[in-house]
S.K.: 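Handing you this structure, nothing more for now.
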Number of protein chains: 2
Amino acid sequence: MDVRTLCLAVLSKGEATGYEIKKAFEEGPFAHFQRASFGSIYPALSRLLAEGLVEAHAMEQDGRPDKKMYRLTAQGQATFHAALTVDPEPDQFRSDLLFLLFFACHLPPARAATLLDAATASYRGHVARVSGIKAEREAVSNATGQPLDPGREFVAGFGITLYQAAADYLDANRDALLADLQGHAEAAE
Amino acid sequence: MDVRTLCLAVLSKGEATGYEIKKAFEEGPFAHFQRASFGSIYPALSRLLAEGLVEAHAMEQDGRPDKKMYRLTAQGQATFHAALTVDPEPDQFRSDLLFLLFFACHLPPARAATLLDAATASYRGHVARVSGIKAEREAVSNATGQPLDPGREFVAGFGITLYQAAADYLDANRDALLADLQGHAEAAE
DNA sequence: TAATGCATGTAATCGGTTACATGATTCA
DNA sequence: TGAATCATGTAACCGATTACATGCATTA
């Protein structure tokens, strides 16, 4: 997904500034499966504005420079919906960690252990974060009676399950790998 | 991981042609967590050759044009090992499918179903393929007594577990999502 | 006082994809 | 005859990252 479409997607959930769009990919609902940087968001927004897919109005703030609030136009809505009809390319879990671990034999065992532990912690962090905001949404929904968004909850659940499985796998196989590496190193002596 | 490093990585497992390197990312051991295209592999190989990190010798073939077999030099080995000491950036399951499903409410339920089923099939295909080659390696190892590569098996196991978990999640939540969507659509009428 | 968060933007650069170009062989 | 596999490469283009540039407010 290009950043252009990603911006339309965030804005389809409500108006936002460039800065807030960035946050949606850092801590917000898209955090676990998409990413975008300032360097791509701001130019995308400018282009979208020039094309009439979004409209912007400046909001004055005391002291701070104005912030620009962006909102989808009808044309932007339509373009976004059209983007949803495109077939997705197959998913792939592109992972630098797996790349390194593939060559575990060339790694000092201590480094392998560090890598493994850091990744486990990171995955568990993901699970905790996404679970937290999902639970919060459920609490709000229960309290107010507002229905949950099925797509959003489905995607959050997917993320939780996947990162949980990843963390569990690392946990379950960590010691065996490290032992293998030790044996491998000794055999090479 | 840039394609340059990826090429060094494949060549560290034995000499190969550009074409074979491509295959390593399509069906080979790297298939489920890295990717590279011809348009990036061939230029990377040229550059690597110019820098002395790989050496090449032409292999004549009857009828067909020569193929170039590439092999790591000592310098290439060293560069590759250095690349293994770099800290990996955090993993992210970048997924177009999840992006679309996040907006499931804007999708016709039939399309959501198609998307879900295609993804499940694709994940299961991954699992079958990686399990197959893993089992084959284990059989060979049992027959010949050659030890397995711990890193390779660990990574293969990770891929199997993850894609299995993904497929299972889709299976387990498919019908509920579709029902929600139906209810949502009716409520909107 | 230093770091962090809020807030927006530009420019250089880079890496990679897509499409194109070529050409033989084998299999359906 | 047409498609797929083997086999290598180039060029245009694009999209995105990184770093840079600015500046105020708040918090430690």
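So you know, we letter chains A, B, ... as the sequences are listed, proteins then strands, and number each from 1.
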S.K.: Applying salt bridge (charged side-chain N to carboxylate O under 4.0 Å, His left out), name anything that partners B:E15, two or more places apart in sequence or on another chain.
M.R.: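 Residues passing salt bridge (charged side-chain N to carboxylate O under 4.0 Å, His left out) with B:E15: B:R71.
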
S.K.: Report which part of the nucleic acid A:Y70 touches: base, sugar-phosphate, or nothing (heavy-atom distance under 4.0 Å, all strands).
M.R.: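 Answer is sugar-phosphate: A:Y70 comes under 4.0 Å of backbone atoms only.
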
S.K.: Inspect the contact between A:E51 and A:R4 and indicate whether a charged nitrogen and a carboxylate oxygen are less than 4.0 angstrom apart.
M.R.: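 Looking at A:R4 and A:E51, the cut-off is met.
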
S.K.: Are A:Y169 and A:Y123, when compared by the centres of their aromatic rings, separated by less than 6.0 Å?
M.R.: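 No, ring centres 6.0 Å or more apart.
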
S.K.: Show me the pairs that pass side-chain hydrogen bond (donor to acceptor under 3.5 Å, both in side chains) and involve residues 97-115 of chain A, at least two apart or across chains.
M.R.: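 As it turns out, the side-chain hydrogen bond (donor to acceptor under 3.5 Å, both in side chains) pairs with a partner in residues 97-115 of chain A, which skip direct neighbours, are A:R111-B:D87.
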
S.K.: Clusters formed by hydrophobic residues whose side-chain heavy atoms approach within less than 4.5 Å: which one holds A:M59, and what are its other members?
M.R.: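 Joined to A:M59, directly or through intermediates: A:M69.
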
S.K.: Would you say a side-chain N or O of A:K68 is under 4.0 Å from OP1 or OP2 of C:dG9?
M.R.: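 So the side chain of A:K68 is within the cut-off, an N or O lying under 4.0 Å from OP1 or OP2 of C:dG9.
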
S.K.: Look at B:R174 together with B:D117 and state whether they make a salt bridge at an N to O cut-off of under 4.0 Å.
M.R.: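 Answer for the salt bridge query: yes.
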
S.K.: Once you build an axis from the first five pairs and another from the last five of the helix from C:dT1-D:dA28 to C:dA28-D:dT1, how far apart in angle are they, to 10 degrees?
M.R.: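 Comparing the first five pairs with the last five, the axes sit 50° apart.
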
S.K.: Determine all donor-acceptor pairs shorter than 3.5 Å in which one atom belongs to a side chain in residues 132-141 of chain B; sequence neighbours excluded.
M.R.:
unit_1 : atom_1 : unit_2 : atom_2 : d
B:K134 : NZ     : B:E138 : OE2    : 3.0
B:K134 : NZ     : B:E153 : OE1    : 3.1
B:R137 : NE     : B:E153 : OE2    : 2.6
B:R137 : NH2    : B:E153 : OE1    : 3.4
B:R137 : NH2    : B:E153 : OE2    : 3.4
B:S141 : OG     : B:Q146 : O      : 2.6

S.K.: Go through residues 1-18 of chain A and report each residue with a non-hydrogen atom lying under 4.0 Å from DNA chain C, sorted by number.
M.R.: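 Residues of residues 1-18 of chain A under 4.0 Å from DNA chain C: A:T17, A:G18.
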
S.K.: Atom CZ of A:R94 and atom C1' of C:dG15: how far apart are they, to the nearest Å?
M.R.: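 That distance rounds to 12 Å.
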
S.K.: Could you give the CD-to-P distance, from B:E20 to D:dG9, as a whole number of Å?
M.R.: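 Between P of D:dG9 and CD of B:E20: 14 Å.
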
S.K.: What are the residues of residues 75-85 of chain A, sorted by number, that bring a heavy atom to within less than 4.0 Å of DNA chain C?
M.R.: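 Nothing qualifies; none.
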
S.K.: How is the hydrophobic cluster of B:V86 composed, in terms of its other members, when Ile, Leu, Val, Met, Phe, Trp and Tyr link through side-chain heavy atoms under 4.5 Å apart, directly or indirectly?
M.R.: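 None; B:V86 is a cluster of one.
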
S.K.: In the hydrophobic clustering (ILVMFWY, side-chain contacts below 4.5 Å, transitive), which residues join A:F38, or is it alone?
M.R.: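 Hydrophobic cluster check, A:F38: joined to A:Y19, A:Y42.
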
S.K.: With A:F102, which residues qualify under ring pair (Phe, Tyr, Trp, His ring centres under 6.0 Å), at least two apart?
M.R.: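 With sequence neighbours excluded, A:F102 shows a ring pair (Phe, Tyr, Trp, His ring centres under 6.0 Å) to B:F30, given in chain and number order.
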
S.K.: Contact list please: residues 36-47 of chain B against DNA chain C, heavy atoms, distance less than 4.0 Å, in numerical order.
M.R.: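 Nucleic-acid contacts, sorted: B:S37, B:G39, B:S40.
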
S.K.: Just compare D:dG9, D:dA7, C:dG5 and give me whichever is closest to any side-chain atom of A:Y19.
M.R.: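 For A:Y19, the side-chain atoms sit closest to C:dG5.
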
S.K.: For residues 159-168 of chain A, which residue pairs qualify under side-chain hydrogen bond (donor to acceptor under 3.5 Å, both in side chains), counting only residues two or more places apart or in two chains?
M.R.: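 The answer is A:Q164-A:D168.
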
